[in-house]
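Written out below as structure tokens is the structure these notes cover.
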Amino acid sequence: MDNKEKLTAKEWGKKILLELKDLLAGAAFPLMLSLILSSTVISYAAYGNEEDLGLKIVVLVVGEVLVFAATVIFGKQNGVTAYKRTVQNGNKRKVNSNDLSSKFYIGEYSLVRGALIPVISCIPFIIFQIVGAAYYNDVCESALMYAFGWAYFPFGLAKLSPWLNLLWIIPYAGAHIAAYAWGGKTEKRKQDQLASAEEAKGNKTK
């Protein structure tokens, strides 16, 4: 299906489900790590009083560095995996495989995909933040502090509007997109080298 032939309504339904499943798989580890780091390292920023602000900032900075480092690691891996799948699916299409993932271009390298993965991983935070900012309640406040502290505390410690916390998604997503592109380029270079080696090997045997 290299010519991107039109899909039927039923095929579109299958494609959307497969793509969503793949995106959720890519978003699972970044979300999990941000939750773990928020509930452990970053959560210490919630304790103490105003005199401990300096220590809270240090804890927050360390936690943010860990969150963004993890985001870069998983972003790069997602980019590598996506480009590998692009090559694999392309090969399957060349032999007219009936594999649905290759037929529907599922999980293939795309910067749009690189942006969707971090946004999807932020959906729980977005929900709690919007509800908590619109109608203050202890449930949302606790969730934001201990599960999504990476986005809550940067502006929360400064006692700024909780709506500003949503802006923290931008650098988070940006880090993933940049790492995703890095991973994709790294894998493309590797695949190009492999293809050149195979071509040279084939020429020698002729």
Side-chain angles (χ1 to χ4, degrees), residues 12-13 15-50 52-53 55-79 82 106-107 110-181:
W12 267 111
K15 175 179 171 64
I16 291 171
L17 287 175
L18 287 172
E19 194 67 70
L20 181 58
K21 180 181 178 181
D22 198 74
L23 287 169
L24 288 172
F29 281 110
L31 172 60
M32 190 185 309
L33 271 178
S34 68
L35 290 174
I36 291 172
L37 290 172
S38 290
S39 62
T40 54
V41 178
I42 299 177
S43 67
Y44 284 98
Y47 301 109
N49 49 45
E50 293 186 0
D52 301 317
L53 181 60
L55 179 59
K56 290 183 178 185
I57 292 174
V58 171
V59 168
L60 177 60
V61 169
V62 171
E64 294 291 348
V65 169
L66 291 175
V67 168
F68 278 83
T71 301
V72 169
I73 291 171
F74 283 107
K76 183 183 179 186
Q77 186 56 46
N78 282 334
I106 302 301
S110 165
L111 288 182
V112 172
R113 175 182 167 77
L116 284 175
I117 289 174
V119 170
I120 289 174
S121 73
C122 288
I123 287 177
F125 159 66
I126 293 171
I127 293 172
F128 279 109
Q129 185 58 75
I130 290 176
V131 174
Y135 305 99
Y136 178 86
N137 61 86
D138 291 337
V139 173
C140 287
E141 188 71 5
S142 295
L144 290 168
M145 290 176 66
Y146 300 110
F148 306 106
W150 63 272
Y152 172 84
F153 285 111
F155 293 118
L157 289 179
K159 301 186 184 303
L160 299 176
S161 170
W163 292 105
L164 292 176
N165 295 343
L166 293 169
L167 295 177
W168 210 240
I169 296 172
I170 297 174
Y172 177 78
H176 185 278
I177 295 169
Y180 181 91

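Remember, it's a predicted structure, so these values are computed and weren't measured experimentally.
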query = With distance as the sole criterion, is a donor-acceptor pair present between the side chains of E64 and W168 under 3.5 Å?
reply = yes
query = Any side-chain heavy atom of N137 within less than 4.5 Å of one from V131?
reply = yes
inquiry  = So does V139 get a backbone contact from the side chain of S142, meaning a donor-acceptor N/O pair under 3.5 Å?
reply    = no
ask   = Within a strict 4.5 Å, meaning less than it, do heavy atoms of the I42 and L60 side chains meet?
value = yes
inquiry  = Run the side chain to side chain contact (heavy atoms under 4.5 Å, CB included) test on F125 and N165 for me, step by step, so that the C-alpha distance in whole Å, both residues' side-chain angles and the decisive distance to 0.1 Å come before the verdict.
reply    = CA-CA 10 Å; F125 159 66; N165 295 343; 4.1 Å; yes
message = How close do S43 and S39 get, counting heavy atoms only, and between which atoms?
response = OG-O, 3.2 Å
Exceeds 12 heavy-atom contacts within 6.0 angstrom, atom CH2 of W163 = yes
note = Nearest heavy-atom contact between A175 and F68 is CB-CD2, 3.8 Å
Separation between CZ of R113 and CG of L111, rounded to the nearest 0.5 Å = 12.0 Å
ask   = Backbone N or O of L144 within a donor-acceptor pair of the Q129 side chain at under 3.5 Å?
value = no
task = Kindly indicate, with the supporting measurements, whether the criterion side chain to side chain contact (heavy atoms under 4.5 Å, CB included) is fulfilled by L18 and D22.
result = CA-CA 6 Å; L18 287 172; D22 198 74; over 6 Å; no
inquiry  = Between H176 (side chain only) and G114 (backbone N and O only), is there a donor and an acceptor less than 3.5 Å apart?
reply    = yes
Please tabulate, for side-chain N and O atoms in residues 25-37, each donor-acceptor pair with protein atoms closer than 3.5 Å (sequence neighbours left out).
from: S34; atom 1: OG; to: P30; atom 2: O; distance (Å): 3.3
from: S34; atom 1: OG; to: L31; atom 2: O; distance (Å): 2.8

Side-chain donor-acceptor distances from residues 145-157 under 3.5 Å, at least two apart:
from: Y152; atom 1: OH; to: E141; atom 2: OE2; distance (Å): 2.4

inquiry  = How long is the straight-line distance from CG of L20 back to CG of L116, given to the nearest 0.5 Å?
reply    = 10.0 Å
